[in-house]
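Computed from a prediction, not measured in an experiment: that's the story for all the values here.
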Amino acid sequence: VNNEATPQVFVRRLYPDYVSVEGVINMRLAFGLLCFGVTLIQVTCLERIIRPAYLRPQSKLMDVNIIMKGSKFLYMFTSWTWLLLGSTFLLSSYITWSIHNSGTAPQWLLVVTLMAWKISAPLTLLVGSVVKYVLWPATLKKNGTSHNFRSIPSLLQHNFNILMALTELLLIGGLPVRLNHIVLPLLFGIVYVFFSWSTMNHWNPKTGPAAVYFFFDTTLGRTHTIALIMLLGALTLFYVIFCVIEYFTSIGSQGIRQNLIIIMVICLATCRINN
């Protein structure tokens, strides 16, 4: 990553006729501020009641409500990836500004930002797809409603995250991903699994352990293991998809219209806004 993290990577513009360097700086800044602004509103103002759709009869966890408020919003994998993506945009905005104005930026900051991008960008597809094809249908089937997923902050975190990542990849600066760095998001996902296990007693201390994501229910035994393997497989797949998109756009001469079509197709496949 150190060899790849050069100043040119951050000031590059895919379509200089449409986007100025100042435009790149401002768009990345706006995306980053949006991410942290949404999280700030969640933590300070919102409260959600979640009833996980545990797999019955295998699960041994109690079927009780989880009250999501304050810092508990930060326990969610969505929040982890959302804030990491927001940090990527804020840092890359500062780096681009610094290089554009002074010609330099700290090398360690370039490396950290590029690593954060390689982790957070492909994970947007995983988050959106898991919500669309797994969590949303399971919640709708069990509770008869999906209002938590249809709130504005939730829609932004599960849909607009994908749009922001693809906009950077295909329209703004095309920050690189590279297949040989696939270990980064895998390690990130594994760290979250251990975090999820360690916080099962934090959700409802009076009623026992709980899993906000039903597939992280450790009482499922082998089913839980299979679910984790499938999630890591899906993460790998989406990372490869990101790399393939980046590769073909880098060697080809696709115009802005073709890239807009790619963004639209991927968003249609991974985003969901209603039942």
Looking only at heavy atoms, the pair that brings Val127 and Thr81 closest together is CG2-OG1, 3.6 Å
Result of checking Met76, Gln157, Gln42 against Trp82 for side chain to side chain contact (heavy atoms under 4.5 Å, CB included): Gln157
Counting distance only, does the side-chain N/O of Thr236 pair as donor-acceptor with the main-chain N or O of Leu232 below 3.5 Å? yes
Step through the shown structure and confirm whether more than 12 heavy atoms of other residues, nucleotides or ligands are within 6.0 Å of CD1 on Ile273. no
Please answer whether the main-chain N or O of Val19 pairs with a side-chain N or O of Arg13 as donor and acceptor at a distance below 3.5 Å. yes
Any non-hydrogen side-chain atom of Phe31 less than 4.5 Å from a side-chain atom of Thr167? yes
Return the set of residues passing ring-ring contact (aromatic ring centres under 6.0 Å, His included) with Phe160 (not counting sequence neighbours), or none when no residue passes. none
Rounded to the nearest 0.5 Å, the OG1 atom of Thr270 sits from the NZ atom of Lys132 at a distance of 7.0 Å
Pairwise distance CG(Leu135) to OG1(Thr78) - rounded to 0.5 angstrom: 8.0 Å
Could you walk me through whether Ile262 and Leu166 pass side chain to side chain contact (heavy atoms under 4.5 Å, CB included), step by step? CA-CA 9 Å; Ile262 293 174; Leu166 292 176; 6.0 Å; no
What about Tyr54 and Met62, same hydrophobic cluster or not, with Ile/Leu/Val/Met/Phe/Trp/Tyr joined at side-chain heavy-atom distances under 4.5 Å? no
Give the C-alpha distance, both sets of side-chain angles, the deciding distance and a yes or no for side chain to side chain contact (heavy atoms under 4.5 Å, CB included) between Leu61 and Met200. CA-CA 10 Å; Leu61 297 181; Met200 288 186 69; 4.1 Å; yes
Transitive ILVMFWY side-chain link Leu186 to Trp117, under 4.5 Å: yes
Heavy-atom check, side chain of Thr88 versus side chain of Glu168, under 4.5 Å: no
Test item: Ser102 side-chain N/O and Ser98 main-chain N/O as donor-acceptor pair under 3.5 Å: yes
Which atom names give the shortest non-hydrogen contact between Gly208 and Asn201, and what distance separates them? C-OD1, 4.0 Å
Can you give me the closest heavy-atom contact between Gly173 and Leu14, atom names plus distance? C-CG, 3.9 Å
Ignoring hydrogens and angles, state whether a donor on the side chain of Thr96 or His100 is under 3.5 Å from an acceptor on the partner side chain. no
Expected output: side-chain Ser59 to main-chain Arg56 donor-acceptor under 3.5 Å: no
How many angstroms lie between CG in Leu110 and OG in Ser92, if you round to the nearest 0.5 Å? 10.0 Å
Taking the inter-plane angle between the rings of Tyr192 and Phe195 on a 0 to 90° scale, is it parallel (under 30°), tilted (30 to 60°) or perpendicular (over 60°)? tilted
Side-chain contact, heavy-atom cut-off 4.5 Å: Leu260 with Leu171? yes
Interatomic distance, Leu126 atom CG to Leu235 atom CG [nearest 0.5 angstrom]: 5.5 Å
Heavy-atom distance under 4.5 Å between the side chains of Leu114 and Pro176, does that happen here? yes
Taking every non-hydrogen atom, the tightest pair across Gly32 and Phe89: N-CB, 3.7 Å
Trp80 and Phe77: CA distance, side-chain angles, deciding distance, ring pair (Phe, Tyr, Trp, His ring centres under 6.0 Å) verdict: CA-CA 5 Å; Trp80 280 37; Phe77 185 72; 7.2 Å; no
Find out if a path of hydrophobic residues (ILVMFWY) with successive side-chain heavy-atom gaps under 4.5 Å connects Ile263 to Tyr18. yes
Scan Arg28, Arg12, Glu246, Lys118 and name whichever one has a side chain to side chain contact (heavy atoms under 4.5 Å, CB included) with Leu175. Arg28
Backbone of Val111 reached by a side-chain donor or acceptor of Asn2 within 3.5 Å: no
Check whether any side-chain heavy atom of Val9 lies under 4.5 Å from a side-chain heavy atom of Thr6, and answer yes or no. yes
Can you get from Ile256 to Leu163 by hopping between Ile, Leu, Val, Met, Phe, Trp and Tyr side chains that sit under 4.5 Å apart? yes
In terms of heavy-atom contacts, does OH of Tyr213 have more than 12 from other residues, nucleotides or ligands at under 6.0 Å? yes
Quick check: do Val131 and Arg272 have side-chain heavy atoms less than 4.5 Å from each other? no
So, do Leu228 and Val193 sit near enough that their side-chain heavy atoms are less than 4.5 Å apart? yes
Value for CG (Leu125) from SG (Cys267), rounded to nearest 0.5 Å, stands at 9.0 Å
Between Asn3 (side chain) and Val1 (backbone), is there a donor-acceptor pair under 3.5 Å? no
Is any side-chain heavy atom of Phe36 closer than 4.5 Å to one of Leu90? yes
So which atom in Ala53 and which in Ala138 form the shortest heavy-atom distance, rounded to 0.1 Å? CB-O, 3.7 Å
So Gln58 and Thr219, side chain to side chain contact (heavy atoms under 4.5 Å, CB included) or not? Walk me through it. CA-CA 8 Å; Gln58 301 99 313; Thr219 68; over 6 Å; no
How would you list, by chain and number, every residue that makes a salt bridge (charged side-chain N to carboxylate O under 4.0 Å, His left out) with Glu47, sequence neighbours excluded? none
Would you say Ile67 has more than 12 foreign heavy atoms packed within less than 6.0 Å of its CD1? no
Just say parallel, tilted or perpendicular for the rings of Phe216 and His224, cut-offs at 30° and 60°. perpendicular
Could you report the tightest heavy-atom contact between Val43 and Ser71, atom names first, then the distance? CG1-N, 4.3 Å
Step through the shown structure and confirm whether more than 12 heavy atoms of other residues, nucleotides or ligands are within 6.0 Å of CZ on Arg222. no
Could you give me the CA-CA distance, side-chain angles and deciding distance for Ile50 and Trp203, then say whether side chain to side chain contact (heavy atoms under 4.5 Å, CB included) is met? CA-CA 11 Å; Ile50 298 176; Trp203 298 108; over 6 Å; no
ILVMFWY cluster, Trp108 and Ile99 together (side-chain gap under 4.5 Å): yes
The reported gap from CZ in Phe242 to CD1 in Ile266 (rounded to nearest 0.5 angstrom) is 7.0 Å
